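What follows is a set of notes on a single structure, which appears directly below.
Below, all heavy atoms of this structure are taken into account, side chains as well, without hydrogens, waters or symmetry copies. Counting from 1, the numbers follow the sequence of the chain as shown. Order of appearance sets the numbers: ligands from 1, and atoms from 1 within every ligand. Owing to the predicted nature of the structure, the values given are computational and were not obtained by experimental measurement.
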Amino acid sequence: MAHPLLALLLLSSLPLHPHLFSSAADSISGDQSLSGNQTLTSNGGNFVLGFFPLGNSPKRYYIGIWYNTNKISILTPVWVANRGEPVLDPSSSVLKLSKDGNFILLNTSKSLIWSTNTNITSNSTIAVLLDSGNLVLRDGSDTSLVLWQSIDHPANTWLPGGKVGLNKLTGENQHLVSWRSAEDPSPGPFYLEIDPKGSSQYFILWNGTERYWFSGPWNEKTKIFSGVPEMTANFVYDFQYVNNASANYFTYTVNTGDIVSRFIMDYSGQIKQLTWVPASQNWILFWSQPRAQCEVYSLCGSFGSCNENKLPFCDCVKGFSKRSPKDWDLGDQSGGCVRNTPLLCGGNSSAGMEKDKFFQMDGVRLPAHPQSVNAAGSSECESACLSNCSCSAYSYSSECSLWFENLINIQEQYAGADQAGTLFLRLAASELPNSSGKKGGVIGAAIGAFLGLLALSAIIWLIIWRRRRRRMISASNAAADGALVAFRYSDLRRVTKNFSEKLGSGGFGSVYKGVLPDSNFIAVKKLLDFSQGEKQFRAEVSTIGTIQHINLIRLRGFSADRNGRCLVYEFMPNSSLDAHLFRGSKMVLDWGTRYQIAVGTARGLDYLHDKCRDCIIHCDIKPENILLDALFIPKVADFGLAKLMGRDLSRVLTTMRGTRGYLAPEWISGVAITAKADVYSYGMMLFEIISGCRNANHLEDNKSGFFPATAVKKLMNGDVLSLLDPRLEGDAEIVEVDRACKVAFWCIQDEEMSRPSMGHVVQMLEGMMEINMPPVPKSLQLYSGRQEGIVFFSDSSIDRSYQTQSTFTSSQVTSSKSTGSKD
Ligand SMILES: *[C@@H]1O[C@H](CO)[C@@H](O)[C@H](O)[C@H]1NC(C)=O
Ligand SMILES: *[C@@H]1O[C@H](CO)[C@@H](O)[C@H](O)[C@H]1NC(C)=O
Ligand SMILES: *[C@@H]1O[C@H](CO)[C@@H](O)[C@H](O)[C@H]1NC(C)=O
Ligand SMILES: *[C@@H]1O[C@H](CO)[C@@H](O)[C@H](O)[C@H]1NC(C)=O
Ligand SMILES: *[C@@H]1O[C@H](CO)[C@@H](O)[C@H](O)[C@H]1NC(C)=O
Ligand SMILES: *[C@@H]1O[C@H](CO)[C@@H](O)[C@H](O)[C@H]1NC(C)=O
Ligand SMILES: *[C@@H]1O[C@H](CO)[C@@H](O)[C@H](O)[C@H]1NC(C)=O
Ligand SMILES: *[C@@H]1O[C@H](CO)[C@@H](O)[C@H](O)[C@H]1NC(C)=O
């Protein structure tokens with residue numbers, strides 16, 4: 001197709017076409033084309049178009065648009081042309097204008113791989129990459145005439161200026177479609193679409209059939225979707241809703257010039273907002289929806305099960321294995337799991353095989369699409385399932401539900417206790433442990449042979465064990481003295497029973513329970529990845545080791561082996577604060593204890609920020625990181641790790657599993673993070689200590705809304721007791737609740753300058769400092785308006801306080817008692 005002479009010229013004689021291959025080229029016209037590593041760069045230098053590789057052996061190449069790597073150092077494709085059809089050799093593949101005017105991609109054997117595929121009447125066209133990341137096909141003689149543009153055909157990324165919505169004239173509903181996995185841009189199972197019935201809300205669907213997420217309707221006054229309070233719309237975006245006879249869509253612009261931000265429909269099934277933070281040279285996740293990963297429909301495929309308390313979230317149910325482990329590793333579990341042992345089913349049971357059995361799974365979210373059948377009781381329900389070969393599970397609770405073929409959407413350790421049930425999973429008899437089988441006799445002899453060997457190794461093992469025990473005991477003695485102990489990795493593996501009892505997991509790795517030979521418990525944090533050399537690691541660890549305060553978790557030791565790196569902490573018998581506040585623990589924390597936890601945490605943070613040698617910013621204050629000892633004295637955990645892991649502060653965030661509303665606004669604007677970011681998170685947590693509920697969760701029952709927004713109004717009306725966790729039944733010191741509320745509001749001020757230091761927080765909570773009525777943070781005015789349909793700051797009392805006290809300074813806080821704090 002291409003003129004052979006021209007192709008030769010294009011490939012070999014750069015000087016003849018300096019305008020095309022110089023970095024300034026932003027368009028293709030006539031017979032020009034793009035191959036290999038040639039690219040187009042938009043006029044202002046923001047975006048680049050060309051071939052980019054994904055995967056290995058073989059590398060697959062795609063035509064895409066990405067942020068210019070001068071500015072965004074990580075190659076981040078925002079649009080892909082040939083999503084499902086990569087080319088293998090870009091140097092012999094060609095992107096060019098075809099005879100009919102379309103923009104096309106041909107592979108090595110000149111087959112058409114991709115085309116703009118539109119009806120073009122003009123006889124000359126030109127393709128231009130705009131500085132907004134939009135690739136436009138224009139009429140060559142009338143360049144204002146747009147024939148096709150990439151922004152109307154988004155892939156998984158919604159860029160500023162793009163539209164995601166419905167063209168009512170053509171009936172086309174433009175979706176944002178996820179990639180299949182981290183290395184496969186072909187259309188995945190999840191997509192975002194606007195309500196095809198014409199309302200202003202977005203849905204996320206799986207396989208075009210199951211809607212599992214709703215944005216909630218758009219509120220034109222407050223510019224926010226009711227289900228996404230995290231958007232804090234007015235600060236960064238200008239969203240615009242268009243709904244008229246021809247279209248129903250949203251579009252947005254980023255109103256602060258320097259911020260690079262995008263939405264993606266991720267292959268995790270979540271819609272995410274990511275912002276580039278130059279200081280950390282990374283994309284920071286600001287929020288994702290649905291918040292809980294397991295809310296994503298069929299995330300783990302058929303016979304997969306999701307678990308919020310485990311990483312990775314997906315696994316196969318008992319008796320099944322991953323169909324494609326390689327895809328699972330890349331985040332694509334859609335292939336699901338396959339049965340290890342076929343069911344006997346209608347097979348020949350007289351051949352000596354046992355009938356299929358059932359494996360009991362308690363406390364699970366039951367799979368989707370049950371079929372109910374009549375059955376008088378549980379055993380009748382069981383036989384109903386056994387009698388049909390394609391029945392794979394049943395559940396009986398007042399009625400009998402059966403599932404046929406695939407099981408989709410199982411969630412284990414399901415928190416929504418009222419919806420959790422018991423599932424009986426049908427498995428071949430040999431999969432279940434208590435089925436002894438009849439093969440035992442044959443291998444009896446072999447076992448006998450092993451016994452001799454075993455006895456021998458037992459003796460050897462005993463010798464090693466005694467030696468190790470001696471070593472561990474001397475290590476724990478050292479730890480008791482307060483010295484930092486260097487453990488061997490292998491010893492830590494043993495005392496944690498091969499890292500079997502998991503206490504929790506965080507951004508840097510999981511924490512396991514262990515028992516030292518002196519029967520003291522320890523918590524061992526197994527670090528995930530580390531970029532530092534051993535020497536630097538030891539230096540950082542010993543710095544953390546010197547930080548000692550009653551309200552900070554104490555580091556007892558570490559392992560810096562090449563086998564693995566661990567941090568060893570004192571063990572906290574009462575787990576973390578979130579377990580007591582949210583996870584329906586039987587014992588409700590009384591108000592006095594809560595207040596002491598609030599004060600203690602503030603003291604710990606104050607120490608980190610101000611009192612120890614180098615100021616340490618924690619960056620991840622949330623109830624999960626406040627541990628409680630036997631006396632419920634709070635201990636802040638996980639501090640100092642960002643530096644230890646050789647990471648920039650803000651990169652910590654990328655490893656967090658979501659923001660859950662503790663993040664200060666300055667994280668998104670990319671300015672330097674100070675200790676005031678911790679103050680903000682502390683304030684958000686303080687609200688949760690008061691209410692006993694996640695701030696954002698209040699939203700989901702659609703009654704009380706975002707908690708701080710409700711709280712501000714109650715505080716103004718002097719009705720703070722109604723904010724209190726209902727489980728306390730009003731049993732609390734009103735003065736303290738009122739104080740805690742006000743402190744929380746001062747902490748969550750939008751402006752860092754307006755927030756108090758942790759030292760001031762301690763003084764205020766201790767009653768050493770009088771607290772003025774805090775102004776209403778701008779972000780809360782939005783939330784409040786959303787709830788009530790009124791603009792909240794029109795309330796004159798708040799208006800006044802907003803004007804008079806825009807910053808928190810010591811001068812505004814009058815000391816009610818002349819002396820400072822007790823410390
Ligand atoms: C482009 O590819 C050629 C070989 O195909 C290589 O010599 C050249 O260095 C590459 N240019 C860039 C900028 O990578
Ligand atoms: C080019 O694409 C066609 C159609 O997809 C395919 O059959 C052919 O193998 C491809 N050629 C090369 C060299 O990849
Ligand atoms: C292009 O034109 C042909 C013939 O007029 C028509 O059948 C086809 O639907 C048109 N395609 C598009 C994308 O408009
Ligand atoms: C395009 O068509 C117009 C008339 O239809 C003709 O005058 C012009 O020469 C054509 N241009 C090219 C590049 O073929
Ligand atoms: C996806 O939906 C189609 C129908 O739209 C259905 O045939 C197919 O089985 C579904 N895929 C899965 C994995 O259920
Ligand atoms: C619908 O609104 C868009 C954007 O404001 C506008 O371009 C378009 O002309 C409108 N269509 C009708 C039929 O009003
Ligand atoms: C079951 O197995 C027995 C013996 O192996 C055989 O005689 C009988 O025909 C089989 N029945 C079926 C239904 O396959
Ligand atoms: C098993 O159940 C499925 C679904 O209800 C039904 O379509 C099928 O006919 C049943 N098979 C037998 C053998 O009863």
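- Counting atoms of ligand 8 from 1 in the listed order, those under 4.0 Å from a heavy atom of S390 are 1 (C).
- Distance alone, capped at 3.5 Å, places no donor-acceptor pair between the N46 side chain and the S132 backbone.
- Centroid-to-centroid, the aromatic rings of F358 and Y394 come within less than 6.0 Å.
- For the ligand labelled ligand 2, residue E85 lies inside the 4.0 Å heavy-atom shell.
- Between C314 and C306, the sulfur-to-sulfur (SG-SG) separation does not fall under 2.5 Å.
- For the residue pair S334 and R180, a side-chain donor N or O sits within less than 3.5 Å of a side-chain acceptor on the partner.
- When heavy-atom distances to ligand 2 are checked against a 4.0 Å cut-off, I113 comes that close only through its side chain, counted from C-beta outward.
- Of the protein's heavy atoms, Q371 OE1, 3.3 Å lies nearest to atom 5 (O) of ligand 8.
- For Y297 and F190, the distance between ring centers is not under 6.0 angstrom.
- Note: Y241 and Y249 fail the aromatic proximity criterion, with ring centroids not under 6.0 Å apart.
- The presence of a protein heavy atom under 4.0 Å from atom 14 (O) of ligand 2 is confirmed.
- Closest to atom 1 (C) of ligand 2, if we only count protein heavy atoms, is N107 ND2, 1.4 Å.
- Nearest protein heavy-atom neighbour of atom 2 (O) of ligand 8: N388 ND2, 2.2 Å.
- Less than 4.0 angstrom separates atom 7 (O) of ligand 2 from none of the non-hydrogen atoms of the protein.
- Taking the ring centroids of W148 and H153, they lie under the 6.0 Å cut-off.
- No close placement of the Y191 and W206 rings is indicated, their centers lying 6.0 Å or farther apart.
- Taking a cut-off of under 4.0 Å to the non-hydrogen atoms of S109, the atoms of ligand 2 that pass are 1 (C), 8 (C), 10 (C), 11 (N), 12 (C), 13 (C).
- Taking distance alone, with nitrogen or oxygen atoms compared against 3.5 Å, S246 approaches ligand 6 more closely than that limit.
- In terms of protein heavy-atom proximity, atom 3 (C) of ligand 6 is closest to N244 ND2, 3.6 Å.
- Looking at ligand 2, you won't find any N or O of T108 less than 3.5 Å from one of its N or O atoms.
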